[in-house]
Amino acid sequence: MKIIMLGAPGAGKGTQAKKLSERYGIPHISTGDIFRANIKNNTELGQKAKGYMDAGQLVPDELVVDLVVDRIKDRDCMKGFILDGFPRTIPQAEALDYALNNQNEKIDYAINVDVPDEHIIKRMAGRRACVGCGATYHTENMPPKKEGICDVCGEKLVLREDDKPETVKKRLEVYHSQTKPLIAYYEKKGSLLTVDGTLDIEVVFKKITSVLG
Ligand code: ADP
Ligand code: AMP
């Protein structure tokens, strides 16, 4: 099953993608996580991406398309994959379709996690990310067992630089102008599934899996 997650920053794409990955045994590929790992390891890609990310802007298409197209050719993607945070522009979606088409494949579901902007601003202020493994929590909705400490690896939890309210506002603007048109793109292709992302995490998950089977 080939799935992409659509939705505003903070809509819950990563949260649902992780659960879907466990349920269906297919890899969760987050381009945001890939960039953050590259920044942490101070790679050339990380150095190129950092300025855009800190400013709440998108990293240029040419830095992300090949990376994803190569990643989905890996062996662990043979049964499918869940792309989280990609595509984020129409050219990225077209490049993905082109690459899949060449192998007689296509995206099965584009899951649109729908959350209004007012909710997003509140939600992002409570998101905490692990500096070690990147796992995400929420101070109210999904707290770690021990405050400020990652359940998975024991490292510190922080508010991401780009989750600060000023940057979230910028990211929402970018979402509306550049990413939201993808909803119509996938609707036209008949692969769109929209879920109300303001519901509880488990309720959203049940709604998605009731359609995916
Ligand atoms: P995205 O990957 O779309 O940027 P995340 O999955 O990281 O978003 O979710 C953003 C924040 O909201 C996280 O702190 C997460 O724990 C929390 N969250 C995710 N889904 C829900 C939900 N359905 N209800 C309340 N909080 C949620
Ligand atoms: P995310 O963790 O998905 O919210 O992504 C964090 C940041 O990484 C975004 O605000 C962008 O700057 C960058 N990024 C992640 N995925 C993409 C993508 N597909 N295209 C462009 N920029 C991206």
Side-chain angles (χ1 to χ4, degrees), residues 4-21 28-40 45-46 48-69 71-72 82-96 111-130 134-144 150-151 157-164 167-175 177-179 182 195-208:
I4 64 170
M5 305 300 299
L6 293 177
K13 300 182 296 295
T15 303
Q16 296 300 327
K18 188 165 171 286
K19 291 168 75 64
L20 291 167
S21 162
H28 166 206
I29 302 168
S30 154
T31 43
D33 285 351
I34 294 172
F35 286 133
R36 281 184 288 276
N38 274 274
I39 290 172
K40 198 174 160 202
L45 177 65
K48 283 185 187 156
K50 188 173 185 324
Y52 297 103
M53 290 173 71
D54 286 349
Q57 288 167 353
L58 294 185
V59 169
D61 290 342
E62 57 272 25
L63 289 186
V64 68
V65 167
D66 290 350
L67 183 151
V68 174
V69 167
R71 176 65 185 88
I72 61 176
I82 304 165
L83 289 177
D84 163 18
F86 182 96
R88 256 181 160 105
T89 63
I90 295 280
Q92 289 181 16
E94 286 170 350
L96 176 64
I111 302 172
N112 173 31
V113 185
D114 186 28
V115 177
D117 288 7
E118 315 81 84
H119 281 251
I120 297 284
I121 311 253
K122 247 197 257 159
R123 239 189 224 184
M124 298 295 249
R127 174 156 71 177
R128 295 293 178 272
C130 174
T136 52
Y137 299 86
H138 193 281
T139 48
E140 284 160 36
N141 309 328
M142 210 169 78
C150 180
D151 292 350
L157 301 180
V158 296
L159 177 70
R160 259 165 56 179
E161 193 56 41
D162 61 347
D163 280 353
K164 296 191 171 150
T167 318
V168 170
K169 278 196 192 132
K170 175 71 197 163
R171 292 170 72 198
L172 278 171
E173 274 170 39
V174 168
Y175 167 74
S177 63
Q178 300 196 58
T179 308
L182 292 178
V195 285
D196 179 353
T198 64
L199 302 171
D200 280 355
I201 292 171
E202 287 306 325
V203 178
V204 177
F205 183 62
K206 281 215 179 86
K207 288 197 181 276
I208 297 173

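These values consider heavy atoms only, across backbone and side chains, with no hydrogens, waters or symmetry-generated copies. These figures come from a predicted structure and were not determined experimentally. As the structure lists them, so they are numbered: ligands from 1, and atoms in each ligand from 1.
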Identify, by atom number and element, the atoms of ligand 1 in contact range of [X], meaning under 4.0 Å from any of its heavy atoms.
| X | answer |
| --- | --- |
| Asp200 | 23 (N) |
| Asn141 | 25 (C), 26 (N) |
| Gly197 | 23 (N) |
| Tyr137 | 13 (C), 14 (O), 16 (O) |
| Leu199 | 22 (C), 23 (N), 24 (N) |
| Gly14 | 1 (P), 2 (O), 6 (O) |
| Ala8 | 3 (O) |

Can you find an N or O of [X] that's nearer than 3.5 Å to an N or O of ligand 1?
| X | answer |
| --- | --- |
| Val204 | no |
| Lys13 | yes |
| Arg123 | yes |
| Met124 | no |
| Gly10 | yes |

Please write down residue, atom name and distance for the protein heavy atom closest to [atom].
| atom | value |
| --- | --- |
| atom 8 (O) of ligand 1 | Gly12 N, 3.2 Å |
| atom 17 (C) of ligand 1 | His138 CD2, 4.0 Å |
| atom 11 (C) of ligand 1 | Arg127 CD, 4.0 Å |

Original post:
Should Arg160 be listed as contacting ligand 2, given a heavy-atom distance under 4.0 Å as the test?
Top reply: yes
**OP:** Examine ligand 2 and decide if any of its atoms is less than 4.0 Å from a heavy atom belonging to Lys13.
**Re:** no
Check each of [options] against [atom] and report the one with the nearest heavy atom.
| atom | options | answer |
| --- | --- | --- |
| atom 15 (C) of ligand 1 | Thr15, Leu6, Thr198 | Thr15 |
| atom 20 (N) of ligand 1 | Ile201, Val195, Val115 | Ile201 |
| atom 1 (P) of ligand 2 | Met53, Arg88, Lys50 | Arg88 |

[X] N/O to ligand 2 N/O under 3.5 Å:
| X | answer |
| --- | --- |
| Gly85 | yes |
| Tyr52 | no |
| Gln57 | yes |
| Ser30 | no |
| Leu58 | no |
| Asp84 | no |

Original post:
Do NZ/NE/NH1/NH2 and the carboxylate oxygens of Arg127 and Asp163 come within less than 4.0 Å?
Top reply: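 Between Asp163 and Arg127 there is a salt bridge, with a charged N closer than 4.0 Å to a carboxylate O.
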Original post:
At under 4.0 Å between heavy atoms, which part of Val113 makes contact with ligand 1: side chain, backbone, both or neither?
Top reply: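 Neither; nothing of Val113 gets under 4.0 Å from ligand 1.
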**OP:** Look at the side chain of Tyr137 and the backbone N and O of Asp151, then say whether any donor-acceptor pair between them is shorter than 3.5 Å.
**Re:**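 Yes; at least one donor-acceptor contact below 3.5 Å.
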